[in-house]
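Just so it is clear, the structure is predicted and the values come from calculations on it, not from any experiment.
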Amino acid sequence: MALMATTRTKLYRLLTRTLRPGCSALNGWIRPDPFYCSFSSASSAAAMAPQREAMGFEVLGVKDYEDYRRSLYGEITHKALLVDAVGTLLAPSQPMAQIYREIGEKYGVEYSEIEILNRYRRAYAQPWGRSRLRYVNDGRPFWQYIVSSSTGCSDSQYFEELYNYYTTDKAWHLCDPEAEKVFKALRKAGVKVAVVSNFDTRLRPVLRALNCDHWFDAVAVSAEVEAEKPNPTIFLKACDLLGIKPEDAVHVGDDRRNDIWGARDAGCDAWLWGSDVFSFKENLIWSEYLESLHDPPVLLMQVARRIGVQI
């Protein structure tokens, strides 16, 4: 037991030394800090390279995994791409607290944006006692609770105006301008594409408002499936809608717990948005990231190419 404890301690120290600044280990899991897990300069990134190479990041890198998948499945490594919605496919066009305050001013909302944001975070982090799901059907009861808790305003007209605003193209924008080109190329090559999202029933109107609903072969929404990520059920439902096996799909999302662990529990492959994948068209493995600091356009890889499709 003492030997095992010593080994764990050494491994912990090795990992915390080699993680990017701001990352830490918590309860046995690696926890990236979203505010600090990035390099402030090329020199600091380059300084970490020898340690990462010593740990085997080159040996156990993306290219090796691609070769492994192709040895099993052929040139096209995945038959389907599953995509998270908020934070991966699309994002709010304005900060939430700004919109809550701007719309709320005529209804008597007096909290500052910082106060609204802090109250929103506290409310959102609380267990939702009325249901095991936050988003049931249109999600109105949940969002009424969030809005009133965040702003101190329970005016029904305020809520409806705010709620309806988030079904429009003013509220959202696509994260990656290359997304349409990539999705079309993937589907032309026979790779199916689906959205998998923890969202209420407004997601489909949002996709229509952004004129991207036709990009996808299926949409699995937690409010309709009655299962929220990381529950494997929602990923399995997406695969069922596409008519493929979980092991033939790769999911891309920005949340390690909900997207990566959830997808893998369902038997899917998974890539973390912003780490394994940087855009729908392009991504970098670690060594290429270091080299791209000197010549960014030359050393980018296409996400589609990881699957085996050229853009």
Side-chain angles (χ1 to χ4, degrees), residues 83-176 179 194-216 218-231 234 237-238 253-255 258-259:
V83 182
D84 170 48
V86 180
T88 306
L89 176 65
L90 52 89
S93 296
Q94 301 293 335
M96 172 276 303
Q98 177 183 326
I99 297 301
Y100 276 37
R101 177 167 173 75
E102 287 180 354
I103 295 178
E105 284 180 341
K106 61 185 175 184
Y107 297 98
V109 173
E110 297 180 348
Y111 290 132
S112 68
E113 291 181 22
I114 292 297
E115 289 174 313
I116 291 173
L117 179 60
N118 289 336
R119 291 170 67 92
Y120 177 97
R121 286 172 172 169
R122 286 196 296 269
Y124 201 88
Q126 296 300 313
W128 177 234
R130 297 188 184 185
S131 169
R132 62 187 176 85
L133 303 174
R134 290 172 298 175
Y135 311 128
V136 177
N137 296 323
D138 61 13
R140 270 187 165 82
F142 174 75
W143 287 115
Q144 285 172 331
Y145 160 72
I146 293 295
V147 171
S148 61
S149 298
S150 302
T151 64
C153 180
S154 300
D155 188 300
S156 61
Q157 289 185 322
Y158 168 50
F159 171 76
E160 287 301 322
E161 183 175 346
L162 190 62
Y163 181 88
N164 290 327
Y165 167 80
Y166 280 103
T167 64
T168 69
D169 59 352
K170 293 181 180 179
W172 305 95
H173 68 272
L174 296 169
C175 293
D176 186 351
V195 175
V196 180
S197 177
N198 287 350
F199 213 108
D200 54 57
T201 52
R202 289 177 296 174
L203 180 58
R204 294 179 190 276
V206 167
L207 296 178
R208 287 195 295 270
L210 294 173
N211 195 31
C212 65
D213 57 314
H214 60 285
W215 297 354
F216 307 103
V219 176
V221 189
S222 62
E224 298 172 356
V225 177
E226 298 185 349
E228 293 180 357
K229 298 180 295 183
N231 189 328
I234 190 170
K237 180 62 175 180
D254 67 320
D255 188 292
N258 286 348
D259 293 306

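Contact between C153 and V109 at its shortest, heavy atoms only, is CB-CG2, 3.7 Å. Considering all non-hydrogen atoms of both residues, P92 and H173 come closest at O-CE1, 3.3 Å. For the residue pair A223 and T201, the shortest heavy atom distance occurs at CB-N, 4.1 Å. Closest approach of T88 and C175 over heavy atoms only: O-CB, 3.3 Å.
Taken to the nearest 0.5 Å, the CG atom of L203 stands 11.5 Å off from the OG1 atom of T167. Here the OG atom belonging to S150 is positioned 6.0 Å from the CE atom belonging to M96, to the nearest 0.5 angstrom. How far OG of S112 is from CG of L117: 9.5 Å, rounded to the nearest 0.5 Å. Summarising the geometry, atom NZ belonging to K237 is positioned 13.5 Å from atom CG belonging to N231; distances are rounded to the nearest 0.5 Å. From T151, atom OG1 reaches atom CD1 of I146 across 11.0 Å, with rounding to the nearest 0.5 Å. Considering CD1 of I103 and CZ of F159, their distance stands at 12.0 Å, rounded to 0.5 Å.
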* Asked: Can L89 and F216 be said to form a side chain to side chain contact (heavy atoms under 4.5 Å, CB included), step by step?
  -> CA-CA 12 Å; L89 176 65; F216 307 103; 3.7 Å; yes

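Not less than 6.0 angstrom separates the ring centroid of Y166 from the ring centroid of W143.
When atom types are taken as modelled, the side chain of S154 and the backbone of S148 share no donor-acceptor pair closer than 3.5 angstrom. Of the possible donor and acceptor atoms, one in the side chain of R202 sits under 3.5 Å from a partner among the backbone N and O of Y163.
Under the salt bridge (charged side-chain N to carboxylate O under 4.0 Å, His left out) criterion, E115 pairs with no residue, sequence neighbours left out. Partners of E228 by side-chain contact (heavy atoms from CB on, under 4.5 Å), not counting sequence neighbours, listed by chain and number: L133, R134, Y135, N198, S222. Considering only residues two or more places apart in sequence or on other chains, R119 meets the salt bridge (charged side-chain N to carboxylate O under 4.0 Å, His left out) condition with none of them.
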Can you give each donor-acceptor pair under 3.5 Å made by side-chain atoms of residues 205-213, sequence neighbours left out, with the distance rounded to 0.1 Å?
none

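Using a 4.5 Å heavy-atom threshold, the side chains of D254 and D259 count as touching.
For the ring-ring contact (aromatic ring centres under 6.0 Å, His included) condition, the pairs that include at least one residue of residues 104-125, sequence neighbours left out, are Y107-Y158, Y120-Y124, Y124-F142. The salt bridge (Lys or Arg N to Asp or Glu O under 4.0 Å) analysis of residues 139-163, with sequence neighbours excluded, yields the pairs K106-E161, D138-R140, R140-E160.
Crowding of E224 atom CD: a count of heavy atoms from other residues, nucleotides or ligands under 6.0 Å exceeding 12. In this structure, Q98 places its CD atom where more than 12 heavy-atom neighbours from other residues, nucleotides or ligands lie under 6.0 Å away.
The pair D84-K229 counts as a salt bridge, with a side-chain nitrogen and a carboxylate oxygen less than 4.0 angstrom apart.
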